[in-house]
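These notes are about the structure you will find just below.
As the structure lists them, so they are numbered: ligands from 1, and atoms in each ligand from 1.
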Amino acid sequence: MTSITRSSVCPHDCPSTCALEVEVIDGARIGAVRGAAANSYTDGVICAKVSRYAERIHHPGRVTQPLLRTGPRGSGQFREITWEEALDRVAGNFTEVAARHGSEAVWPYYFAGTMGLVQRDGIHRLRHAMRYSRQNTSICSMICQAGWKAGAGIFTGPDPREMQHADLIIVWGGNPVNTQVNVMTHISKARKQRGARLVVVDPYRTGTAQAADMHIALRPGTDGALACAVMHVAFRDGYADRAYMAEFADTPAALEAHLASRGPDWASAITGLPVAQIEAFAKLYCATERAFIRVGYGFSRMRNGASNLHAVSCLPTVTGKWRHEGAGAFWNNRSIYHWDKTLIEGLDVCDPSIRLMDMSRIGAVLTGDRRELGDGPQVHSLLIQNVNPVTVAPDSNRVLRGFAREDLFVCVHEQFMTETARMADVVLPATMFMEHDDIYEAGGHSHIQIGAKLIEPPGTCRSNHEVLQALAHRLGARHPGFDMTAMEIIDATLKASGWPDAATVLERRWIDAQPSFADSHFLNGFGHPDRKFHFTADWAAIGPHHHAMPALPDHMAIIDESTAERPFRLVAAPARQFLNTSFTELASSRKREGRPTALIHPDDAARLGVVEGGRVRLGNAQGEVIVHARMFDGLQPGVVVVESIWPHADFEGGIGINALVSDDPAPPVGGAVFHDTAVWVRAVAAEMPMAAE
Ligand SMILES: Nc1nc2c(c(=O)[nH]1)N[C@H]1C(S)=C(S)[C@@H](COP(=O)(O)OP(=O)(O)OC[C@H]3O[C@@H](n4cnc5c(=O)[nH]c(N)nc54)[C@H](O)[C@@H]3O)O[C@H]1N2
Ligand SMILES: Nc1nc2c(c(=O)[nH]1)N[C@H]1C(S)=C(S)[C@@H](COP(=O)(O)OP(=O)(O)OC[C@H]3O[C@@H](n4cnc5c(=O)[nH]c(N)nc54)[C@H](O)[C@@H]3O)O[C@H]1N2
Ligand code: SF4
Ligand SMILES: [Mo]
């Protein structure tokens, strides 16, 4: 047996984009997977689920041959067919549907199951070349983007590695212990070396909150109110940096006047937090020069999420903290890479007049909602890569009704028989990241990396790029990108974007694209044309649904507020051992997660007759879900948490948590409101609690 260590990059949808060291055995199999110690962000640490990657890549359940549906849709009955037949069927359907209904009746649908730019985004090249319907890619970060852009105007910020130089770190609406473990690495350094304090703002006591010095367990969807109160205290108690604001902010006087009526008393009533805790938090923040706010995605998944995120991003501007090392706020670095994506995405053949539909509303799209379809044709054909919408998209019952349509043709290119693949007419087997070439940027740090193919895939798996090439050939789609290998596209894209070529990046292992201290701390100004940070958000410039949005930071009262009939606010936050629905196929991850579980406050449980381990039904107008209850006092009464995303099949009743989540698009540009749901909770009566698995 020979074993060598090769470099790779974690492709999963996680801001950490870890630099990996992979043991390759006999050139054919994967052994241990470790974090690269030499990468200053990864710092030798990766999450447990990826360290067990051999279990995923060599899993006996992988799809390895093209499959054709033979039974009723969703029955799981398929037979193996050749690639020739599979591709002919898919291309044949698309050609026929486009001829009969127009090209917009075909909807290529994708997301970030892999974050590699070539394999993830290449589907746009086929879309644009064929004039197929466009996709508003809203499901994950659209709401954050809108909120951050409104204030800072550009997607960068202080180097996340600077957290080690902070005296206070605030993890706001994120749970890095579960979702991006490397953040904890850098926080730990600050705590060890500087005695830094950690504050976590999260509706429930997550693993991250458990590790914190202060946990602010607010009601979901009320971060705008909390941020306003902190800024009110800054103005009230002399911590507002007026000189900084005079130079770097648009409307400080208007903000101060507006906040006068938004103090801790006002925020306490909205957030459910004690006034004393709000005061203590505000004081700690204001009085600490090196205060670093790590902005998570979680608190944006609300109808008022963009407004709340903007409010939080105002804090370091009011207090002038951006100027200091280890201080400011950081959400995402996507602006620093300045990619030229013409070749990857076929931007040169994109016609912006082609219909754009919201991916988070795929249930609405497939059931004929004219708000998405406009006056265009119904969607008759789907090509799906790197996403599992049957399980992950809002309003699962509607999504399932849409996928059940007999007149819909569905092609799913997948690694596993996901619940979406089960609904397909044709399933194509996909490679995993160590079986193809790709290039990666990082949202949560600043490195560009190439992950090269390390081993051959099982069976006849093909990469996304190869499938797109083969379909383009059959459909007559023309673009230079279809005639190049993935590595040729990587090389050309690097050069067109002003970076070193692929050979250089491979040799150096990564390029650190972090801007200078001055630029990332906005010492030369922010991303708007006036170079100022905007307290007064121009929502109309960001998206069409801006009418109800407050220009200045506020509590925007449009969340799915609890009522007498639906007295609980549900948060459906990510589980530690799964990554969205990836890793739900691993026995090891499933065992560690246990089973779908509702965390419920003991006072609520007592009132409802819910017992530890007992079954509870959660519901609203959209559906009902059954899970097991766990007593948990790390949240406010009236809040319930179900960690996700278990497949529907793991729920008694066969329908999972996203049945309860609404597909209302969040203002101003859309985005799914996964943690903004009011539900009722009932004990499932007259049945004995079942033992934990
Ligand atoms: N293990 C694991 N890792 C993952 C994922 C996964 O599913 N599992 N998913 C990946 C993906 S796609 C993404 S986008 C990232 C997301 O990673 P994060 O940025 O961590 O965002 P979320 O996971 O959506 O939610 C994080 C936290 O937000 C909290 N939250 C919910 N509502 C509110 C609120 O109103 N206010 C505040 N302050 N907090 C709130 C939730 O309780 C949760 O603890 O993680 C990635 N990493
Ligand atoms: N309840 C609830 N629902 C949520 C969320 C939540 O917090 N709570 N989070 C939401 C968020 S933030 C997101 S981003 C979405 C994510 O939802 P998804 O995008 O569906 O999640 P993933 O599991 O990351 O990836 C989807 C699929 O991509 C496949 N895949 C990976 N690499 C490749 C490849 O190279 N080629 C092909 N063809 N397939 C590949 C994987 O096998 C996997 O099945 O879920 C959303 N849904
Ligand atoms: S922390 Fe995120 S990027 Fe790093 S190995 Fe785990 S899933 Fe991949
Ligand atoms: Mo995401």
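Contact of the Leu454 side chain with the Val22 side chain is registered, since non-hydrogen atoms from C-beta on lie closer than 4.5 Å. In this structure, the side chains of Pro457 and Met434 stay at 4.5 Å or more apart for every pair of heavy atoms. For the pair Cys14 and Thr179, the minimum side-chain heavy-atom distance is 4.5 Å or more.
Here Ile645 has side-chain heavy atoms under 4.0 Å from ligand 2, and that is the only part of it that gets that close. When non-hydrogen atoms are compared, ligand 2 lies under 4.0 Å from the side chain of Thr418 (C-beta onward) but not from its backbone. The parts of Asn388 lying near ligand 2 are both backbone and side chain, judged by heavy-atom distances below 4.0 Å. Under 4.0 angstrom from ligand 2, the non-hydrogen atoms of Thr431 all belong to its backbone. The part of Ile657 lying near ligand 2 is the side chain, judged by heavy-atom distances below 4.0 Å. Contacts between His12 and ligand 2, counted as non-hydrogen atom pairs separated by less than 4.0 Å, are absent for every part of the residue.
Residue Ala430 has no nitrogen or oxygen atom sitting less than 3.5 Å from a nitrogen or oxygen atom of ligand 2, judged on distance alone. Looking at ligand 2, you won't find any N or O of Asp13 less than 3.5 Å from one of its N or O atoms. Considering backbone and side-chain atoms together, Cys140 places no N or O closer than 3.5 Å to any N or O of ligand 2. Taking distance alone, with nitrogen or oxygen atoms compared against 3.5 Å, Gln385 stays at or beyond that limit from ligand 2. Any N or O atom pair closer than 3.5 Å counts here, and Asn658 shares at least one such pair with ligand 2. On a distance-only criterion, His413 and ligand 2 share at least one N/O pair closer than 3.5 Å. For Gln119, no nitrogen or oxygen atom sits less than 3.5 Å from a nitrogen or oxygen atom of ligand 2, counting backbone and side chain alike.
Leu660 and Gly619 make their closest contact through CD2-CA, 3.9 Å (heavy atoms, listed as atom of the first residue, atom of the second, distance). In terms of heavy-atom proximity, Gln622 sits nearest to Ala659 at NE2-O, 2.9 Å. The two residues Ile57 and Arg62 have their closest heavy-atom pair at O-NH1, 3.1 Å.
Both tests do not hold together for Arg120 against Tyr110: distance to the six-membered ring centre under 6.0 Å, angle to the ring axis within 45°. Cation-pi geometry between Arg595 and Trp646 is not met: the NZ or CZ atom fails to fall both under 6.0 Å from the ring centre and inside 45° of the normal.
Within the protein, the number of N, O or S atoms lying under 2.8 Å from atom 2 (Fe) of ligand 3 is 1.
The heavy atom nearest to atom 43 (C) of ligand 2, considering only Glu414, His465, Gln415, is found in Glu414. When the heavy atoms of Phe674, Phe416, Phe111 are ranked by distance to atom 9 (N) of ligand 2, first place goes to Phe674.
Using a non-hydrogen distance threshold of 4.0 Å, Asn464 registers as a contact of ligand 2.
Counting non-hydrogen atoms of other residues, nucleotides and ligands closer than 6.0 Å to NE2 of His58 gives a total above 12.
Under the 6.0 Å cut-off for aromatic ring centres, Phe674 and Tyr297 do not qualify, their centroids lying 6.0 Å or more apart. Ring centroid separation for the pair Phe482 and His465 does not come in under the 6.0 Å cut-off. Taking the six-membered ring for Trp and the full ring otherwise, His675 and Phe299 have centroids separated by 6.0 Å or more.
Close contacts of ligand 2 with Leu579, meaning ligand atoms under 4.0 Å from a residue heavy atom, involve 23 (O). For ligand 2, the atoms lying closer than 4.0 Å to a non-hydrogen atom of Ser644 are 1 (N). Listed by atom number, the atoms of ligand 2 under 4.0 Å from His436 heavy atoms are 35 (O). Residue Arg56 has at least one heavy-atom neighbour below 4.0 Å for each of these atoms of ligand 2: 41 (C), 42 (O). Of all atoms in ligand 2, numbered sequentially from 1 with element shown, those under 4.0 Å from a heavy atom of Ser582 are 22 (P), 23 (O), 24 (O), 25 (O), 41 (C), 43 (C). Those atoms of ligand 2 with a heavy atom of His675 less than 4.0 angstrom away are 7 (O). Per-residue contacts place Ala572 under 4.0 angstrom from the following atoms of ligand 2 (heavy atoms of the residue considered): 1 (N), 2 (C), 6 (C), 7 (O), 8 (N). Proximity to Thr114 (heavy-atom distance under 4.0 Å) selects the following atoms of ligand 2: 31 (C), 32 (N), 34 (C), 35 (O).
Protein heavy atom closest to atom 37 (C) of ligand 2, with residue, atom name and distance, is Asn386 OD1, 3.0 Å. Of the protein's non-hydrogen atoms, Arg301 NH2, 3.2 Å is the one closest to atom 12 (S) of ligand 2. Taking atom 25 (O) of ligand 2 as the reference point, the nearest protein heavy-atom neighbour is Gly113 CA, 3.2 Å. Atom 47 (N) of ligand 2 has Val392 O, 3.0 Å as its closest protein atom, hydrogens excluded (heavy atom only). Of the protein's heavy atoms, Asn580 OD1, 4.0 Å lies nearest to atom 13 (C) of ligand 2.
Residue Arg569 is tested with Ile559, Val679, Val640 for a side chain to side chain contact (heavy atoms under 4.5 Å, CB included); the sole match is Ile559.
In this structure a side-chain-to-backbone donor-acceptor pair under 3.5 Å is missing from Asp358 to Pro665.
For Asn333, the side-chain hydrogen bond (donor to acceptor under 3.5 Å, both in side chains) partners two or more places apart in sequence, or in a different chain, are Thr156.
One finds a salt bridge joining Arg361 and Asp663 here, because a Lys/Arg side-chain nitrogen approaches an Asp/Glu carboxylate oxygen to under 4.0 Å. Ion pairing between Glu624 and Arg617 holds under the 4.0 Å rule for side-chain N and carboxylate O.
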Q. So Arg566 and Thr677, side-chain hydrogen bond (donor to acceptor under 3.5 Å, both in side chains) or not? Walk me through it.
A. CA-CA 9 Å; Arg566 294 180 292 127; Thr677 310; over 6 Å; no
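Using cut-offs of 30° and 60° on the angle between ring planes, the pair Trp510 and His447 is perpendicular. Ring orientation note: the planes of His445 and Tyr41 are close to parallel, at an angle under 30° on the 30°/60° scale.
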